[in-house]
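Remember, it's a predicted structure, so these values are computed and weren't measured experimentally. Letters go in sequence order (proteins before strands), and every chain restarts at 1. The analysis underlying the following values was restricted to heavy atoms, covering all of them including side chains, and did not include hydrogens, waters or symmetry mates.
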4 protein chains.
Amino acid sequence: MIETKRRGGRPRSEQARQAVLHAVDDLLLEVGYAAMTMKGIAVRAGVGRQTVYRWWSTKAEILFEACVDDAEEELAVAPARTRLAEVTSYLDALMRFLAYSPAGAGYRALLAAAEHDPAVKQLIATKDVLRDSARAVLHRIAPHRPAGDHAIDLLIGPTFFWIMSGRDPAQLDIDELARSFFHGFGSEEP
Amino acid sequence: MIETKRRGGRPRSEQARQAVLHAVDDLLLEVGYAAMTMKGIAVRAGVGRQTVYRWWSTKAEILFEACVDDAEEELAVAPARTRLAEVTSYLDALMRFLAYSPAGAGYRALLAAAEHDPAVKQLIATKDVLRDSARAVLHRIAPHRPAGDHAIDLLIGPTFFWIMSGRDPAQLDIDELARSFFHGFGSEEP
Amino acid sequence: MIETKRRGGRPRSEQARQAVLHAVDDLLLEVGYAAMTMKGIAVRAGVGRQTVYRWWSTKAEILFEACVDDAEEELAVAPARTRLAEVTSYLDALMRFLAYSPAGAGYRALLAAAEHDPAVKQLIATKDVLRDSARAVLHRIAPHRPAGDHAIDLLIGPTFFWIMSGRDPAQLDIDELARSFFHGFGSEEP
Amino acid sequence: MIETKRRGGRPRSEQARQAVLHAVDDLLLEVGYAAMTMKGIAVRAGVGRQTVYRWWSTKAEILFEACVDDAEEELAVAPARTRLAEVTSYLDALMRFLAYSPAGAGYRALLAAAEHDPAVKQLIATKDVLRDSARAVLHRIAPHRPAGDHAIDLLIGPTFFWIMSGRDPAQLDIDELARSFFHGFGSEEP
DNA sequence: AGATAAGCGAGACGGTACGTCGTGTCTTAGC
DNA sequence: GCTAAGACACGACGTACCGTCTCGCTTATCT
């Protein structure tokens, strides 16, 4: 039996769990990650503080649980006709995720928190949604290639840097980026 | 004259200023950005808390002032014989800065803080050391090109993403990255 | 039932309350009222600062709660054989209270603080231990009189002024004061 | 020569001295003794902080200098026809001084501060305006008596206690108090 | 007349208490 | 035995005032 041992007692309230996850989603957009507190989450969810601490250690854990599923879904793009279209479509999804999606906001907050806290770094390493999504795309457009990290970084890096350095997402030229992915800086000889 | 207006009053103590900047440098390495507090900085610097608040609003501001000069210096690479060597050399400096340099640790902490605080985002936007350094390199290897943001992102992005997503810096293949910068994902047709 | 409403939540810690009251008692004697701080009280009591602020607003409130019971007890004198003996005995208790008793030191500090802070003035007005004690004595020696404020001031005033103006308590002639209370300044015609 | 030794240097600014004394007077009424700060006094007087500290150690010293002359003057009553009138007139002046006069407010603040600070106690002991004024009255109405402390306390005490315990000054029966000063609590035998 | 010296307003200095807030733990009553 | 409520010890927050110091300047007396 995989079922966890339970010897009586009130079972965990799924309602409380959902309330906490939604509270985190809401608070992230309303006040931002830094101003989001465990106390605030509990109050917003209408839940006791101990109930929060019983199931999660930090706000990062809650946020991770709250946004990882959405993130995976948003980064999974449908196959396209050409390889260029496939990459373009993926980069578009990536940009939208990082720049506009609530789940993406959560992910960015977690990445930032990871920079300040090794525990968070370890947490998000358990499910690398960004690299996984890119790997899937690369596997489709070049099934005979190993799809190593190198290609993944080439694919994600420029868009990632654009967003993370605070540039306007609307001014990112996805098409040009997709072309450069295949052709590089230019035709000139290095 | 650029001279600051002074109508009496004790002048600012350069000694106190240096003590605070050094304290921030030290504390960043010793306890990390998250555990660094304004109070801790003041105590470590042997300075009154009001003196810190008088000249800086947040620890981010202090850290920015403490590491921006070093960052600029570390990212300025000497010209190389070939364009490939130039890029390789730059990517190496970039990787070392982001992954190993104390100034780079400060910069990463600031980037992360910017994700949580718009004020910090604005602060680091006043002096984009990363983009500026890449622009300088690109100007040398392709003087006839405008050196737009697109090329900058292609150059920095992959390395930046590698480091920021927590990968081992030692396993980053700088040479391959430099080649790909010129040639793209590969010879295959999109 | 007078019972306070309680719908869950950890109950107030009587231990913490006592610790705070004792800390105030101790600190008043050790460092004096002026040097006594909310922070110092909390530390001395081994209690969080929030716990102090949760139940009291100012050090004056704590001190009031800490010494009002003792004050009442010390000012309640046993009935004596003659009216003169009764008054003498009361004035002696009053002098000892104001000049030597720890509770009296607290009361003097509160009277002084009331002079600087209307809130304290209002606080000590809720339980006028001095006037109450005098009223009790006057009621015993002259049950047929209304025991108005006038007589109370005649009774307490001289001793009170002697102590509050910093004179040596030992040189106060209680017997003479008691006699004067009945006979006034002297036999001379006004 | 009593003149202080001075071998050159700018003389003390009488204008600054007056500004400080007036600032203290004003601030005492506006914000009260407790909220009055050395910094606030300096700012209000338009004077450097060091200038205040150069001539006075504490706000109590300034206040003492600012109100002692007025106090003496206000407590000096003109001779009256009868001894009863003399005492009544004095008690009235005493009540007005303690309850309504700005100088009296300063004096009450100093008395209160003395309760918290021995230095202030010592300061106001150098010039006991209350006892001095009462002694003068007693000397006039009973020149053949030594005018010891006992009579002074009988005279001042009741009014002093009335005011200091926060009673409404308007409800103090000066005439009754004056009569009682001569006759005591009543005709009953102790 | 020039030097010397002390007072002046301004304001930064190292400290420390303020009252508030968030932390993670605990102890209730209620379901 | 999980829940909501809320008190607990702890410590950082940013502000205010402490008393001291260091500026440039002014105003006097003493060579």
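The side chain of C:Trp55 contributes an N or O atom lying less than 4.0 Å from OP1 or OP2 of F:dC8. The side chain of B:Thr51 places no N or O atom within less than 4.0 Å of a non-bridging phosphate oxygen (OP1 or OP2) of E:dA12. OP1 or OP2 of E:dC13 sits under 4.0 Å from a side-chain N or O of B:Arg54. Not one side-chain nitrogen or oxygen of C:Trp56 sits closer than 4.0 Å to the OP1 or OP2 atom of E:dG19.
Under the 6.0 Å distance and 45° angle rule, D:Arg12 counts as a cation-pi partner of D:Trp55. Cation-pi geometry between B:Lys127 and B:Phe64 is not satisfied (NZ or CZ under 6.0 Å from the ring centre, within 45° of the ring normal).
In the set F:dC8, E:dC8, E:dT23, the nucleotide with an atom closest to the side chain of C:Arg12 is F:dC8. With E:dC8, E:dC21, E:dC26 as the choices, the nucleotide that has an atom nearest any side-chain atom of C:Gln50 turns out to be E:dC21. Residue B:Arg49 places its side chain closer to E:dT16 than to any other of E:dT25, E:dT16, F:dC18.
Within 4.0 Å of A:Gly46, counting heavy atoms only, lie sugar-phosphate atoms of the nucleic acid but no base atom.
Taking the six-membered ring for Trp and thresholds of 30 and 60 degrees, D:His116 and C:His116 have ring planes more than 60 degrees apart, a perpendicular arrangement.
Map C:Gly40 and D:Ala45 each onto its nearest nucleotide of DNA chain E; the residue landing nearer the 5' end is D:Ala45. In terms of position along DNA chain E, the nucleotide closest to B:Ala16 lies nearer the 5' end than the nucleotide closest to the other residue of the pair B:Ala16 and C:Thr58.
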